Amino acid sequence: MAKYQNLVDQLKRQIQSGIWNPGDKLPSLRKQSEHSGMSLMTVLHAYQLLESQGWITSQARSGYKVAPRFKKQQQVQMAVSRTENVDVNEFIFEILQAGKNPLMVNFGFAYPSPDLYPRYHINRALSAAARNMPISSAFNNLPPGNEQLRSIIAKRYTTRGIEISPDEIVITAGALEALNLSLQACTKPGDCVVVESPTFYGALQSLQRLGLKALSVRTDPTTGIDIDSLERALQTHDVKACWLMSNHQNPLGFTLSDEKKKQIVELLQRYNVALIEDDVYSELYEGNEPVSSMKMYDQSGNIMLCSSFSKSLVAGLRIGWVVAGKRSFDIQKLQLMSTLATSAPIQMALVHYLTSRNYESHLKQLRKKLHERKSKMADFLSTLLPESVKVVNQKGGYFLWLELPKNIDAMQIYQDMLKANVSIAPGKMFDVTEQYNHCIRLNASFELDQQRAEALTTLSNSIIHHMNE
Ligand SMILES: Cc1ncc(COP(=O)(O)O)c(C=O)c1O
């Protein structure tokens with residue numbers, strides 16, 4: 001895409017989301033050029049294009065201003081925003097790379113603290129699998145994947161009241177492969193896909209990779225996706241799929257009520273739209289009541305439920321699955337054409353672990369620890385941060401979502417923190433619009449030791465500093 005077009009799209013999004021209001025003066029050509037790193041000519045080109053399309057006006061000596069007529073459109077656009085081409089990869093890649101520094105205090109990390117994994121037992125399972133690999137293992141573990149593993153996964157679903165046959169399950173390399181294959185199975189390049197706003201950045205990357213258009217639908221930090229906006233999106237666009245999370249959503253942390261899960265399934269069924277249910281955090285509920293899933297209400301076979309062991313057992317094994325419904329064969333074929341199969345010894349190691357150890361007791365401990373650590377971190381943050389910063393702490397999972405005053409750019413705080421060797425996940429990672437640029441996601445699964453307490457103090461000082469600027 002031409003550089004000036006990037007700036008045009010960015011300014012349109014900012015105007016739509018209310019960052020720039022009618023009558024607001026835009027940065028001068030020189031300032032915009034310094035800020036964006038684009039040449040004066042490129043910025044001028046972008047401003048002229050916006051002016052010719054009626055978004056902004058220019059006046060001799062007073063520069064460029066947002067045109068008055070865009071006020072009304074704002075509300076409609078904020079609830080459902082369509083992005084022609086998703087372009088988030090480079091920025092997210094940069095942030096993920098920075099998080100790999102071993103000296104970093106990693107609140108930007110997406111996985112639970114590694115000290116919560118049963119490392120010793122997993123290592124034993126891995127060596128047992130390596131020692132006992134039958135000669136036929138490569139064939140037995142081809143798509144749809146290891147039969148015993150699929151049957152264990154299906155059995156676990158029954159404890160959550162979800163009836164699934166092992167034949168519906170396809171084993172994948174982590175949930176991400178499951179999600180990608182599911183998306184591929186129900187779309188073609190150029191199609192529209194509904195995502196939450198904000199959403200998991202992996203969804204945005206997948207859409208970008210497959211040349212799909214994102215339709216971001218307003219999502220409340222407590223109650224989740226706005227049903228009316230979702231229906232409006234379905235009425236006004238030819239939507240082929242929705243990628244949604246119903247439990248412990250990343251990054252906000254909410255869990256949809258059973259009533260709402262059912263409503264969404266019925267709505268999508270009515271519009272004949274496929275649902276990709278990203279359910280990687282469902283084992284991390286709080287208390288004794290397991291959470292349900294939207295797949296429970298599926299009558300059309302049009303829901304692909306994706307999950308993995310990455311958040312509940314160990315991240316690095318890269319084993320996930322999709323309960324593929326009517327698309328099971330399509331997904332297996334796509335897998336055969338891309339990665340061929342999921343690693344046979346790793347599937348066997350998991351079977352070994354799950355049949356020889358008490359997974360349920362590991363999960364109980366994990367849930368308890370996550371709850372304790374998240375509460376402790378939320379309490380500590382509330383002693384540090386001013387009242388105008390909202391710390392959203394939902395039941396279950398391990399993310400905290402910080403909402404700073406709207407004029408604060410969390411990217412500046414992210415940059416400050418990088419210099420102090422602390423990573424955070426700025427809100428910009430989770431949306432194609434600029435609506436969450438004042439938000440931060442924190443991973444609260446780590447023990448709050450002295451180093452981390454100091455890192456949070458530095459974070460809070462940086463936030464306060466930017467608020468007082
Ligand atoms: C919401 C969500 N979905 C999917 C994934 C990917 O899971 P996996 O590591 O099993 O591929 C993640 C990982 O961060 C996630 O947060």
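Note that the structure is predicted; figures quoted are calculated from it, not measured. When reading the values below, keep in mind they use all heavy atoms of this one structure, side chains included, and skip hydrogens, waters and symmetry mates. Count residues from 1 along the sequence.
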What verdict does the side-chain contact (heavy atoms from CB on, under 4.5 Å) test give for Leu317 and Leu126, after you've listed the backbone C-alpha separation in whole Å, the side-chain angles of each residue and the deciding distance to 0.1 Å? CA-CA 10 Å; Leu317 290 187; Leu126 281 165; 4.3 Å; yes
List the steps, then state whether salt bridge (charged side-chain N to carboxylate O under 4.0 Å, His left out) holds for Glu283 with Arg156. CA-CA 10 Å; Glu283 293 284 12; Arg156 274 208 64 71; 2.9 Å; yes
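In this structure, His465 and Ser462 have side chains that are not in contact, with every pair of non-hydrogen atoms separated by 4.5 Å or more. Put simply, the side chain of Ile331 does not reach to within 4.5 Å of the side chain of Thr172, judged on heavy atoms. Contact annotation: the side chain of Phe430 never approaches that of Thr199 to less than 4.5 Å [non-hydrogen atoms, C-beta and beyond].
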What side-chain donor-acceptor pairs closer than 3.5 Å can you find for residues 400-408, not counting sequence neighbours?
none

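Taken from OG1 in Thr255 to CE in Met245, the straight-line distance is 9.0 Å, to the nearest 0.5 Å.
Listed by first and then second residue, the ring pair (Phe, Tyr, Trp, His ring centres under 6.0 Å) pairs involving residues 224-260 amount to none (not counting sequence neighbours). Within the structure, every pair that satisfies the side chain to side chain donor-acceptor pair (under 3.5 Å) test and touches residues 292-318, not counting sequence neighbours, is listed here: Asp258-Ser292, Lys261-Ser292, Glu277-Ser293, Tyr281-Lys311, Lys295-Asp298, Asp298-Ser300, Asn302-Arg327, Ser308-Ser310, Ser312-Tyr359. Among residue pairs with one or both ends in residues 240-251, those qualifying as salt bridge (Lys or Arg N to Asp or Glu O under 4.0 Å) are Asp238-Lys240; sequence neighbours excluded.
For Asp278, the salt bridge (charged side-chain N to carboxylate O under 4.0 Å, His left out) criterion is met by no residue, not counting sequence neighbours. Partners of Asp115 under the side-chain contact (heavy atoms from CB on, under 4.5 Å) rule, at least two apart in sequence or in another chain, are Ser113, Arg373.
The side-chain contact (heavy atoms from CB on, under 4.5 Å) test with Val193 singles out one residue from Val239, Leu212, Leu215, and that residue is Leu212.
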